[in-house]
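Naming convention: chains lettered A, B, ... in sequence-line order (proteins, then strands); numbering from 1 in each chain. Below, all heavy atoms of this structure are taken into account, side chains as well, without hydrogens, waters or symmetry copies.
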Amino acid sequence: MTSPVPQQRNYLDELNNIQRQAATQIDGPVLVVAGPGSGKTRVLTYRIAHMIQSGMAPWEIMALTFTNKSAKEMKERITKVVGPRGERVWAGTFHSLFAKILRVEAEHIGYPSNFTIYDSDDTKSVVTAIINEMNLNKEQYNANTIKSRISSCKSNLITPKMYVTRADMMEDDKAAKRPFFHQIYEKYVARCKRSGAMDFDDLLFRLYELFQNHPAVTNKYRQKFKYLMVDEFQDTNHLQYSIVKKFISYEGSPRNICVVGDDAQSIYAFRGATIQNILDYENDFKPHGIRIFKLEQNYRSTEHIVQAANEVISFNRNQIQKTIFSDKGEGQRIRVIRAITDSEEGKRVADAIMEQKNRWHLANKEIAILYRTNAQSRVFEEWMRHYNVQYRVYGGMSFYQRKEVKDLIAYLRLAINQQDDEALRRVINYPKRAIGGTTIDKIAATADSHSMPMWKVLTQVDFPARTRSAIDHFVAMIKDFSEKAKSHDAHVVAEYIARRSGLMDELKQDTTVEGIQRLDNITSLLDGIKTFVENDVVEDFGFGIADSGLEDAPNPQSGIRNPESAMDKSLAAYLQNIALMTDQDDQTKEGDYVTLMSVHSAKGLEFKSVFITGLEEQLFPSFMSFDTPEGLDEERRLFYVAITRAEQFLTLSYAASRYRFGQERSNPPSRFLDEINMAHLDASSPIGSRSAAPAGKFERAHAHAAPDGWFRTIKKRRDGQLQAPWPAAGGGAAH
DNA sequence: GAAGTGATGTTTTTT
DNA sequence: ACATCACTTC
């Protein structure tokens, strides 16, 4: 933000022909099919910049993303082109932008505007509580299964009421021995409602309902947002697309919408994402003159890498036809490392990294080690430490998921919304204040039978004298916190609460290494709140202040119209801010580290050198994916995503045996290895040495001794062609 | 109400 | 291997 004056250089010159067409086709529905490394983000941001340069108001543009990180990046890049007003584009995640709208419109759907957002842990805990209270068998009613089934209901617009009318789903439940699912679902929804809480799916679902039932409200937003953009469209679920259509499809709408996606990079089907949305989109908007642009040139990777990716993905059954190409030259061949054990895999990958660092002068941050499951990170960490290479592991337990952090946040949440049952459960007896399980169960049961929040029960129901006094004490304390929160900034209140709740004292008792770590985490949380209070980031979306002219209800929490407008330093504002945050977002710490992460987390990133590890059957592809052909296709897309992260160097590794679930197991190399033509592989690659029968889609025709002596199989592809997995004689190595 | 013991089930996870 | 959790025992 050095120059407030918009730069006048012609940003459109930085786009190729198709990219420019996609960026400048503003009116009417647009679909951009964007291969990996094809400059998708560039098109999106320049498109928005172009709109603003042509005189549109930034706050009339809504750009929906999946991560806070990509929203932030998009805003930064827009701002670079058009100046500070780029900040005022409504760019954010589905969840965060919809939460903002819902806070303003909460009254219409019977929610308080300071509603709590339940994270996955809260959701699971509500489900568990319901299962327990209903005395249901915990094996037949697995909390995680129930939770994801509820999520999938919401994602497919099935309310509890509709659920009982769905014969197919009720039959499913009967067959799966969980006939009471619909009751759990119904109770779950009711309980969130009475707790003044929304789970992640509610942030979408409630908005859909709002739009469904309140045409006047819907119209207001249709008028406000004149242009709608959706990034990573292949990862949207049915509900998300339905909301998008609510915004854009109505009588007389100009249907100014642009979605960007790549069906080949859809890797979240297990969470309800469906590429059907892309196909539906095409059909839904065909009558309205949809324009489709395919970005097929890859600017990221060299040819061996791009072609290998193309070959792999060609084994999938359904896809939008496109040919990704690169003009970066052949580049290095792909190297394959075979190891005996997982530990040896760690060593050989580390060796290869050292070699690359020496030979090509790669910095640590240009290198990534990717794996299918987070559990695989350990051996790599060990070897990185052994060679003294700086590394950073992503994923795993996030800061906000740590027990002590959640405990303090639960107190903060309770100070803002006493209806929040999950927060109350969490802290009512922590630190210990003699309110035990029996009492809590009684409170919960009473709350349930009267359909009221547990907090109300505390003050209204009879308890034995000792319990009564403990509860009164707790109630008085929370009321005190709540009062404090009304008149002080978030940091002052949080420090006060951390001390007065007894949480700090409790943690100070524990002098073990872990205990000290926990206290540290509380300190960093408090530091984070301090930063929030001191930071003068103006996050105004042009809603309610000067620009939009729309009449909005003021936010009762802060008295300011926009819940997140300038300078709201209240605790409520802070909680709203962090509810949808994940670690990845504030990992701003720059440094020269080798990146260790799951393939899923690597999506959208790129590295000069990439190691894809654990390429064995049962692991990658995962044993969980074998039931269905769709499952395998998704694993293959995942492999495709992994390959296409690499710019110049790609190394694939597998181990003949590894420790898994405490036992040593052997698995043949991944079928995916065989799907890459040998022409792209380094001559030293130990491919096709599998001893067990391959479980791939192709039949094994004959076993052949390859020119280099490795024993391989000839594959018969779906098109019936036989394909030898090694290059013709003479097609030697690159070096 | 706490602390100890044995059985159990393991992917990925933007929000 | 490891964490979680139901259940026992004090």
Could you tell me whether A:Arg378 contacts a base, only the sugar-phosphate backbone, or nothing, with contacts defined as non-hydrogen atoms closer than 4.0 Å? sugar-phosphate
Rounded distance (Å) that lies between atom C1' of B:dT12 and atom CD of A:Glu634: 8 Å
So, is A:Ser598 near the phosphate of B:dT13, with a side-chain N or O under 4.0 Å from OP1 or OP2? yes
Partners meeting ring pair (Phe, Tyr, Trp, His ring centres under 6.0 Å) with A:Phe98 (sequence neighbours left out): A:Phe94
Ring centres within less than 5.5 Å and planes less than 30° apart: is that true of A:Phe270 and B:dT12 in this structure? yes
Between P on B:dT15 and CG on A:Asp202, what's the gap in Å once rounded to a whole number? 18 Å
Can you tell me the distance, in whole Å, between the CD atom of A:Glu73 and the P atom of B:dT14? 16 Å
Under the rule for side chain to side chain donor-acceptor pair (under 3.5 Å), what residues qualify as partners of A:Arg433, not counting sequence neighbours? A:Tyr411
Taken to the nearest whole Å, CZ/A:Phe620 to C1'/B:dT12 is 10 Å
Would you kindly give the CZ-to-P distance between A:Phe94 and B:dT13, to the nearest whole Å? 20 Å
First encountered from the 5' end of DNA chain B, between A:Met624 and A:Asp235: A:Met624
Give every pair of a protein N or O atom and an N or O atom of nucleotides 1-6 of chain B that lie under 3.5 Å apart, one pair per line with the distance.
| unit_1 | atom_1 | unit_2 | atom_2 | d |
| --- | --- | --- | --- | --- |
| B:dG1 | OP1 | A:Gly436 | N | 3.1 |
| B:dG1 | OP2 | A:Gly437 | N | 3.2 |
| B:dA2 | OP1 | A:Lys432 | NZ | 3.2 |

Given the options A:Glu345, A:Glu344, A:Glu664, A:Arg658 meets salt bridge (charged side-chain N to carboxylate O under 4.0 Å, His left out) only with A:Glu345
Would the A:Phe247 and A:Phe211 ring centres measure less than 6.0 Å apart? yes
Using atom CD of A:Gln401 as one end and atom P of B:dT13 as the other, report the distance to the nearest whole Å. 11 Å
A:His600 NE2 to B:dT11 C1', straight-line distance once rounded to whole Å: 8 Å
My understanding is that only residues two or more places apart in sequence, or in another chain, count here; which of them pass side chain to side chain contact (heavy atoms under 4.5 Å, CB included) with A:Ala368? A:Leu370, A:Thr595, A:Phe607
Pi-cation contact, A:Phe66 with A:Lys603 (under 6.0 Å, within 45°): no
Those residues at least two apart in sequence (or on a different chain) that pass side chain to side chain donor-acceptor pair (under 3.5 Å) with A:Glu506 are none
Where each residue is assigned the nucleotide of DNA chain B containing its nearest heavy atom, which of A:Arg271 and A:Phe623 is assigned the position nearer the 5′ end? A:Phe623
Could you list the donor-acceptor pairs under 3.5 angstrom formed by side chains in residues 126-135 of chain A, with sequence neighbours left out?
| unit_1 | atom_1 | unit_2 | atom_2 | d |
| --- | --- | --- | --- | --- |
| A:Thr128 | OG1 | A:Lys124 | O | 2.8 |
| A:Asn132 | OD1 | A:Lys138 | NZ | 3.4 |
| A:Asn132 | ND2 | A:Thr128 | O | 3.4 |
| A:Glu133 | OE1 | A:Arg191 | NH1 | 3.3 |
| A:Glu133 | OE1 | A:Arg191 | NH2 | 3.0 |
| A:Glu133 | OE2 | A:Arg191 | NH1 | 3.3 |

Just jot down the side chain to side chain donor-acceptor pair (under 3.5 Å) partners of A:Arg660, sequence neighbours excluded, or say none. none
Could you tell me the separation between the CG atom of A:Asn142 and the P atom of B:dG9, rounded to a whole number of Å? 9 Å
Do any side-chain nitrogens or oxygens of A:Asn68 fall under 4.0 Å of OP1 or OP2 in B:dT14? no
Nucleotide range of DNA chain C lying under 4.0 Å from chain A heavy atoms: C:dA1 to C:dA6
A:Glu209: what forms a side chain to side chain contact (heavy atoms under 4.5 Å, CB included) with it, not counting sequence neighbours? A:Thr159, A:Phe205, A:Arg206, A:Asn213
Taking side chain to side chain contact (heavy atoms under 4.5 Å, CB included) as the test, write out the residues that go with A:Asp122, two or more places apart. A:Tyr118, A:Asp119, A:Lys406, A:Arg413, A:Glu422
Residues from residues 368-376 of chain A sitting under 4.0 Å of DNA chain B, heavy atoms only? A:Arg372, A:Thr373, A:Asn374
Looking at every strand, decide which applies to A:Tyr268 at a 4.0 Å heavy-atom threshold: base, sugar-phosphate, or nothing. base
Which residues share a side chain to side chain contact (heavy atoms under 4.5 Å, CB included) with A:Thr439, sequence neighbours left out: A:Ile435, A:Ile443, A:Phe463, A:Thr467, A:Ile471
Does a nitrogen or oxygen in the side chain of A:Ser601 sit under 4.0 Å from OP1 or OP2 of B:dT12? no
